[in-house]
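Letters A, B, ... are given to chains in the order of the sequence lines, protein chains preceding strands, and every chain is numbered from 1. In this text, all values refer to a predicted model and were calculated from it rather than measured experimentally.
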Protein chains: 2
Amino acid sequence: MGRLFSGGLFCIGGAGRRIAFSFIFGSVESFFAYIASFVRLSEESREELTAVLRPMELPKGHSLLRPGGVCKHFYFIGKGLSRTYYFKDGKDVTDWISTEGSIAVSIISFLTHQPDIRGIELLEPSSLLAISHTDLEQLYTRFHDIERLGRLLISAGIIQLQQRFDDLHFASAHERYQRLIDTTPSLINRVPLGMIASYLGITQETLSRIRAQH
Amino acid sequence: MGRLFSGGLFCIGGAGRRIAFSFIFGSVESFFAYIASFVRLSEESREELTAVLRPMELPKGHSLLRPGGVCKHFYFIGKGLSRTYYFKDGKDVTDWISTEGSIAVSIISFLTHQPDIRGIELLEPSSLLAISHTDLEQLYTRFHDIERLGRLLISAGIIQLQQRFDDLHFASAHERYQRLIDTTPSLINRVPLGMIASYLGITQETLSRIRAQH
DNA sequence: AATAGCTTTTGACATATATCAAAAGCCGTC
DNA sequence: GACGGCTTTTGATATATGTCAAAAGCTATT
């Protein structure tokens, strides 16, 4: 079935389109549609990669990574929603929000194999794909094209992170909120205000007031 | 000469050690010592990679990338210092500072081949290695181990960025300054205060006051 | 429909940081 | 060694955002 997407025919149209597929076909197909936008894998690589994908359906509130643990998997979100969070001075900080068609991971821990303060939890019942670091390392070594895929996935990640970094660096709370609405308006109705606020680096009260003045 | 470092014998000891080498042997050797901490390249890969390195000695103030341009090279700083910067509402923002033994690049532009507001300039007379995106792409395709190197370099980059992101997310100006002193104290004496301030996401006046109270 | 347990809003006030302006310090050059 | 052009500090004040507390709004359950 992954075959359907391999030619790139169905990749036109970006994220929205892919989400529709995930809804119809499930996480594995959605994942292959996603990675097809990065690299054309050989038949063998695709099979081997498929073999290490662990699909799972999990309820809202489920913890994918407990704070303080080592992140041994990354998760492709076929459907649902997750957040990466940690506690800073006793306050809950939302570090990242991952929507369908994107990846949830505690990136520093995953790359360094060291424990990290970050945890990951589901904000909605979700269908995911778990990929273990160990499996991935082996695939990297065996298949050049999967190594390339890894490079391109991280590249996409660093671009997103840099953009959020820029926002935090010198944009006002108002500007950051505006950018969020422009980029991913759907989050507003799916994520509690307090989490959105800390995602933006502000308090819930401030966000509420920003929202009040349009 | 690069051979000396290939066994990893000289990689023990981290950045400080590498800087000493760059001083003695020059940027190419320093670069190979740096990447040896990521991957053991084959003889052929090392030769081909060496062939595309463009060493250069440039004066303080030299512009490596003009704001608004496409970043077609990344630069390994063998000796010297650079900053990546942009203008936000007419104000000069220092986005990143690269010291000897690290890489200077406008990462979004380099990865997407799109123009970006960021520029790069030298803060000291420097000896660099320029590596073109085009050359690198070809090496990625031809050599699995260089593709891996690319993945690991970006991985190192995203870890650093995530750490700075965390700092900006919910640390006070004071905490950020403290972390800078703990991490790279040498910058204090080499970079004008205004640039350090905007690097930390605060104004020069605030940084000066923070400094005054120890 | 009343209760309980949430999330969100509003209010009063505190604080960190920014802004604008001027003074002080530093450094190389004539 | 005095001048001009920098960078850095200090001062007075403004502003955005945070904090703490209470009220209001939802939603599900009994």
- Item | Span of DNA chain C in contact with chain A (heavy atoms, under 4.0 Å) |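 Here the contact window of chain A covers C:dT8 to C:dA12.
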- Item | B:Phe38 backbone acceptor or donor facing B:Arg148 side chain under 3.5 Å |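 Looks like no, no N/O pair under 3.5 Å.
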- Looking only at atom types and distance, does a side-chain atom of A:Ser208 sit under 3.5 Å from a main-chain N or O of A:Gln204, one as donor and one as acceptor?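 No: the side chain of A:Ser208 does not pair with the backbone of A:Gln204.
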- Task: Would you kindly say whether A:Arg118 and A:Thr84 are connected by a side-chain donor-acceptor distance under 3.5 Å?
- Result: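 Side-chain D/A pair, A:Arg118 to A:Thr84: absent.
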- Name all residues meeting the salt bridge (Lys or Arg N to Asp or Glu O under 4.0 Å) criterion together with A:Lys72; count only those two or more places apart in sequence or in a different chain, and write none if there are none.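 Expected list: none.
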Which donor-acceptor pairs under 3.5 Å do the side chains of residues 49-71 of chain B make with protein atoms, sequence neighbours left out?
{"unit_1": "B:Thr50", "atom_1": "OG1", "unit_2": "B:Arg46", "atom_2": "O", "d": "2.6"}
{"unit_1": "B:Ser63", "atom_1": "OG", "unit_2": "B:Leu65", "atom_2": "O", "d": "3.4"}

- Task: Compute both the distance and the angle, then confirm whether A:Arg176 meets the cation-pi test with A:Tyr199: under 6.0 Å from the six-membered ring centre, within 45 degrees of the axis.
- Result: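 Not satisfied by the 6.0 Å and 45° rule.
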- Quick one, which residues of residues 193-205 of chain A touch DNA chain C with a heavy atom under 4.0 Å?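 Correct list: A:Leu193, A:Gly194, A:Gln204, A:Glu205.
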- Message: Is the distance between the ring centroids of A:Phe165 and B:Phe165 under 6.0 Å?
- Response: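 Ring centroids of B:Phe165 and A:Phe165 are no less than 6.0 Å from each other.
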- Under 6.0 Å between ring centres, would you say that holds for B:His133 and B:His113?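 Yes.
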- Message: Looking at A:Arg209 and D:dG18, is any side-chain donor or acceptor paired with a base atom of the opposite kind under 3.5 Å?
- Response: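 Donor-acceptor pair under 3.5 Å: no.
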- Item | Of residues 85-93 of chain A, the positions that come close to DNA chain D - non-hydrogen atoms, cut-off under 4.0 Å |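 Nucleic-acid contacts, sorted: A:Lys91.
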- Task: Specify whether A:Phe31 and A:Phe74 have parallel, tilted or perpendicular ring planes, treating 30° as the upper limit for parallel and 60° as the lower limit for perpendicular.
- Result: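 Plane angle between 30° and 60°, so tilted.
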Check residues 149-161 of chain A and write down every donor-acceptor pair under 3.5 Å in which the side-chain atom is one partner and the other belongs to a residue at least two apart or another chain.
{"unit_1": "A:Arg151", "atom_1": "NE", "unit_2": "B:Glu147", "atom_2": "OE2", "d": "2.6"}
{"unit_1": "A:Arg151", "atom_1": "NH2", "unit_2": "B:Glu147", "atom_2": "OE2", "d": "2.8"}
{"unit_1": "A:Ser155", "atom_1": "OG", "unit_2": "A:Arg151", "atom_2": "O", "d": "2.7"}

- Query: What integer distance in Å separates A:Asn189:CG from D:dT27:P?
  - Reply: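 To the nearest whole Å, that distance equals 12 Å.
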- Task: Write down the distance between NE2 (B:His174) and C1' (D:dG18), rounded to a whole number of angstrom.
- Result: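 In whole Å, D:dG18 C1' lies 19 Å from B:His174 NE2.
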- Does A:Phe170 or A:Leu207 map to a spot on DNA chain C nearer the 5' end, using the closest nucleotide for each?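 Looking at DNA chain C, the more 5' nearest nucleotide goes with A:Leu207.
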